[in-house]
2 protein chains.
Amino acid sequence: MAAARTRASTRSGARLTVSDWIEAGFALIAEEGLRAVKIDRLCGRLGVTKGSFYWHFSDIQGYMDALAAAWAADHRQSRASLEALRELPPAERLTSMMRHLTSSRQWTLERAVREWARRDPSVAAEVRSADRVIFREVRRAFLDAGFPAAEARVRARACFAAGIGFIHLADRAPGAADAREHQRFLQIMVARQ
Amino acid sequence: MAAARTRASTRSGARLTVSDWIEAGFALIAEEGLRAVKIDRLCGRLGVTKGSFYWHFSDIQGYMDALAAAWAADHRQSRASLEALRELPPAERLTSMMRHLTSSRQWTLERAVREWARRDPSVAAEVRSADRVIFREVRRAFLDAGFPAAEARVRARACFAAGIGFIHLADRAPGAADAREHQRFLQIMVARQ
DNA sequence: ACCTGAACACCGTTCAAGT
DNA sequence: ACCTGAACACCGTTCAAGT
């Protein structure tokens, strides 16, 4: 009787929306990776049966496309808050970006999407375009720190690569120790010697 | 009693080899496209059961990798016969290449591999590298026909694109009429006006 | 060494019926 | 409009047993 109400859903007890399904997909990816995204698993998480899935989406391909589109939209969205960081001093700005990338919500998702991009060129294109935006901000931080263009470019590239490397090398959510290490690394990179 | 011997196999009545499976895969792709490549279909074609497949390959991914590698090896192989065409006059050389591309064995296979490349970046890399080899030969034909470098490049690109376009637009095996059309097209392209 | 035969698990898809 | 429940089809994988 009460069991049927056991929803992990965010919205009260109401019927599901497309974004509930998308959110469940991201959660699954973040927790168990891309290959965990199966209709059955989504249904279990949302407390509904497969029929419900097929009411909202035509098929699993349609759902995956919607997931990828939502990821890209999220990134465009956070572009604004990324730009808002510009008022911080460069070193703190970099730390803040790195912290976001390696946050427990992000890191697995980010890694999964990059893995997905290896198989799906349209996802790959979205990753590339998102990367470009972020790289520009990283480079800007180094320019603001007073480095000449060429030097800023080199350092930005290294930082960017390191960030991606961190999430690929991680096998569990980065902890406080990792965060300190990242911060130290950025400190070194941004130091004008 | 005799039914069990009904093999489409090339090798007498002997046990299967890896290349029998690869060949069956290409045949399936050529006839029905990439998505027809299923273990069951391969088994049906070779007159064996699934257990046999798993004796030769670890899993379906391993098989697909082997297929892609075999395709690339084939292309490297035919590089020699491509270079042998250099003794022909340019126009005939181009006609010969086009005929090969649109031959009934090739065209569906070629198209399927290009479709596959859209999903699998390692296949994509192999397609690109094979394309480079062929493009050089096409360009060489135009150089040999007496065009200056820039002009040869432009014409070669157009011919190459047209060839790829032909196999993508085709919905059945190109016939004699198509062949005449292709030849006429190449004639125009190679004409020094 | 190579293959059969049968079972299994997983998972996408459909659809009549419910509220 | 949204979902249940049950069935179905497809297909990859395993494995003990055969020759």
Side-chain angles (χ1 to χ4, degrees), chain A residues 1-25 27-29 31-68 112 116 119-120, chain B residues 1-25 27-29 31-68 112 116 119-120:
Chain A
M1 199 177 185
R5 289 268 126 184
T6 315
R7 290 239 173 103
S9 170
T10 41
R11 306 179 68 95
S12 53
R15 257 66 190 282
L16 296 178
T17 68
V18 164
S19 46
D20 288 324
W21 288 94
I22 297 298
E23 204 175 312
L28 263 181
I29 290 177
E31 289 162 20
E32 304 177 49
L34 233 206
R35 64 200 70 189
V37 181
K38 303 287 170 188
I39 299 176
D40 261 338
R41 299 296 313 278
L42 292 166
C43 289
R45 179 173 270 273
L46 292 170
V48 292
T49 57
K50 286 174 165 183
S52 175
F53 175 90
Y54 282 94
W55 196 89
H56 292 285
F57 304 95
S58 64
D59 54 22
I60 228 261
Q61 189 55 52
Y63 176 73
M64 294 307 281
D65 289 351
L67 251 193
W116 186 5
R119 302 188 325 221
D120 186 331
Chain B
M1 197 177 189
R5 290 266 125 184
T6 316
R7 290 237 175 106
S9 169
T10 41
R11 307 179 68 93
S12 53
R15 258 63 191 285
L16 296 179
T17 68
V18 165
S19 47
D20 288 324
W21 289 94
I22 297 298
E23 204 174 313
L28 263 180
I29 290 177
E31 290 162 19
E32 303 178 50
L34 233 204
R35 66 200 70 191
V37 181
K38 303 288 170 187
I39 298 176
D40 261 337
R41 299 296 313 279
L42 291 166
C43 289
R45 179 173 272 272
L46 292 170
V48 292
T49 56
K50 286 175 166 183
S52 175
F53 175 90
Y54 282 95
W55 195 89
H56 292 284
F57 304 95
S58 63
D59 54 21
I60 228 258
Q61 188 57 51
Y63 176 73
M64 295 306 282
D65 290 351
L67 251 193
W116 186 3
R119 301 187 327 220
D120 187 329

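The figures here come from the full heavy-atom set of this structure, side chains too, leaving out hydrogens, waters and symmetry mates. Numbers restart at 1 for each chain; the letters A, B, ... are given by sequence-line order, proteins then strands.
- Side chain of Val48(B), nearest nucleotide from dC2(D), dC2(C), dT4(C): dT4(C).
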* To do: Give the C-alpha distance, both sets of side-chain angles, the deciding distance and a yes or no for salt bridge (charged side-chain N to carboxylate O under 4.0 Å, His left out) between Arg45(B) and Glu31(B).
  => CA-CA 12 Å; Arg45(B) 179 173 272 272; Glu31(B) 290 162 19; 2.5 Å; yes

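- For the pair Asp20(A) CG and dC2(D) C1', the computed distance is 13 Å after rounding to whole Å.
- In this structure the side chain of Met64(B) reaches within 4.5 angstrom of the side chain of Leu34(B), judged on heavy atoms.
- Scanning for ring pair (Phe, Tyr, Trp, His ring centres under 6.0 Å) contacts around Tyr63(A) gives Phe53(A), Phe57(A), with sequence neighbours left out.
- As rounded to whole Å, 11 Å separates atom C1' of dA9(C) from atom NZ of Lys50(B).
- Scanning residues 51-64 of chain B for heavy-atom distances under 4.0 Å to DNA chain D yields Gly51(B), Tyr54(B), Asp59(B), Ile60(B).
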* If you write DNA chain C from 5' to 3' in dot-bracket form, with Watson-Crick or G-U pairs under 3.5 Å, [ ] for crossing pairs and | for pairs with another strand, what do you get? -> ||.|||||...|||||.||

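- Interface residues of residues 35-43 of chain B facing DNA chain C, ordered by number: none; criterion, heavy-atom separation under 4.0 Å.
- Screening residues 46-56 of chain B for salt bridge (Lys or Arg N to Asp or Glu O under 4.0 Å) gives Asp40(B)-Lys50(B) as the qualifying pairs, with residues at least two apart or on separate chains.
- Sorted by first and then second residue, the salt bridge (Lys or Arg N to Asp or Glu O under 4.0 Å) pairs involving residues 56-66 of chain B (not counting sequence neighbours) form an empty list.
- The interatomic distance linking Leu16(A) (CG) with dT4(D) (C1') rounds to 13 Å, in whole Å.
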